[in-house]
Amino acid sequence: QVQLVESGGGSVQSGGSLTLSCAASGDPYSRRCMGWFRQAPGKEREAVASIGSRGTTVYADSVKGRFTISQDNAKNTLYLQMNSLKPEDTAMYYCASRGPCYLSPTLPVIPSEYNYWGQGTQVTVSS
């Protein structure tokens, strides 16, 4: 079992920044690959950024150059630094984990392949 607890969401103006955190605990094997996903009202959940156990990272095209995923293994915490936020970034953001994965910029990250999910944290960007 894995427990994931997100924090750091909030309301910001366009161009602002936020940093999301995800405190993780439980089975280390099931946390080998972690990611951030988001879901806006009426839309499907989409991958934002993922990180593998060796530090490989992949990003959605819509956030490349603006968002940075990182993890502090000593603190068992996953982060998502979000800069230059846009109104279209408004969504519920979720942290998720799974066992080992192969990450590549040419391969899609599929939410259903992640086994454990946090409760989400809301990000609202106003214009």
Side-chain angles (χ1 to χ4, degrees):
Q1 287 290 336
V2 172
Q3 294 76 42
L4 303 170
V5 180
E6 303 98 333
S7 61
S11 297
V12 296
Q13 290 191 331
S14 182
S17 299
L18 281 174
T19 299
L20 305 183
S21 299
C22 173
S25 61
D27 179 20
Y29 183 84
S30 297
R31 294 188 276 124
R32 293 286 294 275
C33 189
M34 299 194 69
W36 287 99
F37 299 78
R38 67 186 181 188
Q39 187 167 19
K43 294 188 176 181
E44 292 187 354
R45 189 167 298 188
E46 64 176 355
V48 175
S50 297
I51 186 167
S53 59
R54 297 185 178 184
T56 302
T57 58
V58 294
Y59 296 90
D61 287 343
S62 59
V63 306
K64 282 180 182 176
R66 300 189 297 123
F67 291 11
T68 302
I69 188 171
S70 63
Q71 58 187 12
D72 185 331
N73 292 325
K75 296 182 178 179
N76 290 323
T77 302
L78 181 73
Y79 301 99
L80 184 68
Q81 173 67 45
M82 304 186 294
N83 298 326
S84 302
L85 282 161
K86 304 176 181 179
E88 51 263 45
D89 295 318
T90 295
M92 184 72 78
Y93 283 69
Y94 299 90
C95 170
S97 76
R98 53 167 289 177
C101 65
Y102 176 74
L103 295 177
S104 168
T106 61
L107 296 176
V109 175
I110 302 174
S112 61
E113 294 182 347
Y114 284 69
N115 306 112
Y116 298 95
W117 294 81
Q119 81 289 349
T121 186
Q122 178 68 37
V123 172
T124 302
V125 185
S126 58
S127 57

What's the verdict on side chain to side chain contact (heavy atoms under 4.5 Å, CB included) for Tyr29 and Val2, showing C-alpha distance, side-chain angles and the deciding distance?
-> CA-CA 10 Å; Tyr29 183 84; Val2 172; over 6 Å; no
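- Panel note: side chain Tyr59, backbone Ile69; a donor-acceptor pair is recorded below 3.5 Å.
- With no hydrogens or angles considered, a side-chain donor-acceptor pair links Thr19 and Gln81 at under 3.5 Å.
- In the hydrophobic clustering of ILVMFWY residues, with side-chain heavy atoms under 4.5 Å counting as a link, Ile51 and Val58 come out apart.
- In this structure, CZ on Arg98 lies 9.0 Å from CD1 on Ile110, to the nearest 0.5 angstrom.
- Judged by distance alone, with hydrogens and angles left aside, the side-chain atoms of Arg45 form no donor-acceptor pair with the main-chain N or O of Ala47 at under 3.5 Å.
- The heavy-atom pair separating Asn83 from Ser17 by the smallest distance is OD1-OG, 3.0 Å.
- Taking the side chain as every heavy atom from C-beta outward, Arg31 and Tyr116 never approach each other to under 4.5 Å.
- Closest of all the heavy-atom pairs between Cys95 and Leu78 is SG-CD2, 3.9 Å.
- Proximity of a side-chain donor or acceptor of Glu6 to a complementary backbone N or O of Gln119 within less than 3.5 Å is detected.
- Contact between Thr90 and Val125 at its shortest, heavy atoms only, is OG1-N, 2.9 Å.
- Atom-to-atom distance recorded for Glu46:CD and Trp36:CH2 is 14.5 Å, nearest 0.5 angstrom.
- Proximity of Val5 to Ser7: side-chain heavy atoms (C-beta onward) are nowhere separated by under 4.5 Å.
- To the nearest 0.5 Å, atom CD of residue Gln71 and atom SG of residue Cys22 are 10.5 Å apart.
- For the atom pair Gln13 CD and Ser126 OG, the distance stands at 5.0 Å (nearest 0.5 Å).
- Gln1 CD: 12 or fewer foreign heavy atoms inside a 6.0 Å radius.
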Might you work through the salt bridge (charged side-chain N to carboxylate O under 4.0 Å, His left out) test for Lys64 and Asp61, ending with a clear yes or no?
-> CA-CA 5 Å; Lys64 282 180 182 176; Asp61 287 343; 3.0 Å; yes
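- Between the side chains of Tyr93 and Arg38, at least one donor N or O lies within less than 3.5 Å of an accepting N or O.
- Considering every non-hydrogen atom in both Tyr114 and Ser50, the closest pair reads OH-OG, 3.4 Å.
- Of all heavy-atom pairs spanning Val123 and Leu20, the tightest one is CG2-CD2, 4.0 Å.
- Panel note: side chain Trp117, backbone Leu4; no donor-acceptor pair is recorded below 3.5 Å.
- At a threshold of 4.5 Å between side-chain heavy atoms, the hydrophobic network of Ile, Leu, Val, Met, Phe, Trp and Tyr places Tyr79 and Tyr94 in two separate groups.
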